[in-house]
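Every heavy atom of this structure was used, including side-chain atoms; hydrogens, water molecules and symmetry mates were not.
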Amino acid sequence: MASSPTMLVVMCSSLAMAVILSSSSPAMAQLDVGFYSKTCPKVEEIVREEMIRILAVAPTLAGPLLRLHFHDCFVRGCDGSVLIDSTASNTAEKDAPPNQTLRGFGSVQRIKARLDAACPGTVSCADVLALMARDAVALSGGPRWAVPLGRRDGRVSAANDTTTQLPPPTANITQLARMFAAKGLDMKDLVVLSGGHTLGTAHCSAFTDRLYNFTGANNAGDVDPALDRSYLARLRSRCASLAGDNTTLAEMDPGSFLTFDAGYYRLVARRRGLFHSDSSLLDDAFTAGYVRRQATGMYAAEFFRDFAESMVKMGGVGVLTGGEGEIRKKCYVIN
């Protein structure tokens, strides 16, 4: 019997993770799949049970929950800082412009509360995010991988940090490569993790600069030339102006935005990537080669395996371990 992409990932995940852990930072090496085996042995079972319930009611949350983990890890590392509320004296990450459309915070706290009922003060919010992101992918038809655990929660969350650390949808390939490299992630991680755009939707405000007044010429023909014209027309019919629209949504992988698959790469290869950052993958020989290989539809198992490996690698960026940070009682407020 032929193995499915998910089966192949499960079989290879332990070996791949061992390689990743051995070649990463000392903090990353302190993470362990069995970290809660004695203190909260049912942590993964509880998270999965709640994720099944959450996605059964709101399947569109899979993409946003994956995005939450990404946005957390790229700013100050995977420390749960994206979850912290602003205060009178501090504007937190979640209220920075790039994060104002994030969703799923209530679901994170729901799972944290369930875990605290079973294992009080044991599981960090940062680990909850990592597990939820994995299950969001797996429950949407994507790979399931072993998640190294043991992250601690950060005590700092500043909106200004997103400006220099979080890759924007307008970034070109040079900017993306630099921002990923700053987190210890390479060009393969860049093109593979971009494949997460197969899940979810985006607000018009994230890409209308490609549809209107692209260079500032202020005429109807001033559009991003990297965007397929028929796709551009379809997007214009949905997003009617350049004005910031944080309510209207467009599917990032039209037709299968609730399913994790390799369809994203077929879109990018046809110049139908929604963001400029998607289109920019065609501007580098390595990333373009990966896009075109996946666009054939013949290497889904390879993509699933690559995605699992890159998610483990990203999940170790800037982690706090041991006596660093804290285990938050509420994910949205520092103890």
Side-chain angles (χ1 to χ4, degrees), residues 6 9-10 13-14 16-18 20-21 24 27-58 61-62 64-70 72-73 77-84 104-140 142-154 307-309 311-335:
T6 303
V9 168
V10 171
S13 61
S14 295
M17 187 188 62
I20 291 167
L21 289 175
S24 299
M28 174 65 170
Q30 292 182 46
L31 300 182
D32 181 3
V33 171
F35 185 82
Y36 297 111
S37 59
K38 294 182 179 179
T39 57
C40 196
K42 292 188 176 181
V43 57
E44 296 206 33
E45 179 183 334
I46 291 171
V47 173
R48 183 173 173 80
E49 285 177 358
E50 288 301 316
M51 283 294 291
I52 290 172
R53 294 187 180 109
I54 289 166
L55 296 182
V57 175
L61 271 180
L65 291 172
L66 174 59
R67 187 181 174 212
L68 264 181
H69 184 45
F70 182 95
D72 183 42
C73 291
C78 310
D79 66 348
S81 55
V82 74
L83 304 172
I84 297 172
F105 296 103
S107 296
V108 177
Q109 185 54 40
R110 165 179 166 169
I111 292 179
K112 168 65 172 171
R114 171 90 189 272
L115 288 168
D116 275 354
C119 319
T122 301
V123 182
S124 68
C125 298
D127 276 347
V128 171
L129 271 183
L131 289 168
M132 290 179 73
R134 188 272 310 276
D135 286 349
V137 170
L139 293 171
S140 300
R144 180 177 176 83
W145 58 91
V147 179
L149 300 168
R151 299 166 188 79
R152 304 270 292 180
D153 296 322
F307 191 81
E309 292 178 5
M311 284 295 289
V312 170
K313 190 174 175 182
M314 184 190 76
V317 170
V319 293
L320 303 175
T321 58
E324 300 173 310
E326 64 184 17
I327 303 297
R328 271 184 236 138
K329 297 175 182 177
K330 303 288 185 182
C331 289
Y332 51 84
V333 63
I334 298 166
N335 292 346

Exercise. Using salt bridge (charged side-chain N to carboxylate O under 4.0 Å, His left out) as the criterion, list what pairs up with Asp72, not counting sequence neighbours.
Key: none

Quiz item: Listed by chain and number, what are the side chain to side chain donor-acceptor pair (under 3.5 Å) partners of Asp135, not counting sequence neighbours?
Solution: Arg144

Practice problem: Considering non-hydrogen atoms only, spot the tightest contact between Gly154 and Ile84 and give its length. | Solution: O-CD1, 4.0 Å

Quiz prompt | Gly315 to Cys73 - nearest heavy-atom pair and separation | solution = CA-SG, 4.3 Å

Self-check item: Partners passing side-chain contact (heavy atoms from CB on, under 4.5 Å) against Phe105 (at least two apart in sequence or in another chain)
Solution: Leu68, Leu83, Lys94, Leu102

Self-check item: Pairs touching residues 326-335 that satisfy salt bridge (Lys or Arg N to Asp or Glu O under 4.0 Å), sequence neighbours left out
Solution: Arg155-Glu326

Quiz prompt | Contacts of type side chain to side chain donor-acceptor pair (under 3.5 Å), residue Arg114, not counting sequence neighbours | solution = Glu49, Glu50

Quiz item: Heavy atoms, side chains only, cut-off 4.5 Å: are Pro143 and Val137 in contact?
Solution: yes

Self-check item: Test salt bridge (charged side-chain N to carboxylate O under 4.0 Å, His left out) applied to Arg134 - qualifying residues, sequence neighbours left out
Solution: Glu44

Quiz item: Which atom names give the shortest non-hydrogen contact between Cys78 and Ala126, and what distance separates them?
Solution: O-CB, 3.6 Å

Practice problem: Check side chain to side chain donor-acceptor pair (under 3.5 Å) between Ser81 and all other residues, then give those that pass, not counting sequence neighbours. | Solution: Asp79, Glu93

Quiz item: Just wondering, do Val108 and Leu129 contact through their side chains at under 4.5 Å, heavy atoms?
Solution: yes

Self-check item: Heavy-atom closest contact (Trp145 atom, Ala308 atom, distance)
Solution: CB-CB, 3.7 Å

Quiz item: Mind checking what makes side-chain contact (heavy atoms from CB on, under 4.5 Å) contact with Leu55, not counting sequence neighbours?
Solution: Met51, Leu61, Ala62, Leu139

Exercise. Please say which of Val312, Asp127, Asp32 ends up in a side-chain contact (heavy atoms from CB on, under 4.5 Å) with Pro148.
Key: Val312

Exercise. Using modelled atom types only, decide if a donor and an acceptor are shared between the side chain of Arg151 and the backbone of Val319 within a distance under 3.5 Å.
Key: no

Exercise. Could I get the full list of side chain to side chain donor-acceptor pair (under 3.5 Å) partners for Tyr332, not counting sequence neighbours?
Key: none

Self-check item: Those residues that, when tested against Lys42, pass side-chain contact (heavy atoms from CB on, under 4.5 Å) (two or more places apart)
Solution: Glu45, Ile46

Practice problem: Check whether any side-chain heavy atom of Val43 lies under 4.5 Å from a side-chain heavy atom of Leu115, and answer yes or no. | Solution: yes

Exercise. Compare all side-chain heavy atoms of Val123 with those of Leu131 and state whether any distance is below 4.5 angstrom.
Key: no

Quiz item: Measuring from Met311:CE to Phe70:CZ, what's the distance to the nearest 0.5 Å?
Solution: 9.5 Å

Quiz prompt | Test item: Ser124 side-chain N/O and Asp153 main-chain N/O as donor-acceptor pair under 3.5 Å | solution = no

Quiz item: Could you give the distance from SG (Cys331) to NZ (Lys112), rounded to the nearest 0.5 Å?
Solution: 5.5 Å

Quiz item: With sequence neighbours excluded, what pairs up with Thr122 under the side-chain contact (heavy atoms from CB on, under 4.5 Å) test?
Solution: Tyr36, Thr39, Cys40, Cys119

Quiz prompt | From CA spacing to verdict: side-chain contact (heavy atoms from CB on, under 4.5 Å), Leu31, Thr321 | solution = CA-CA 8 Å; Leu31 300 182; Thr321 58; 3.9 Å; yes

Quiz item: Between Ala136 and Leu65, which heavy-atom pair has the shortest distance, and what is it?
Solution: CB-CB, 4.4 Å

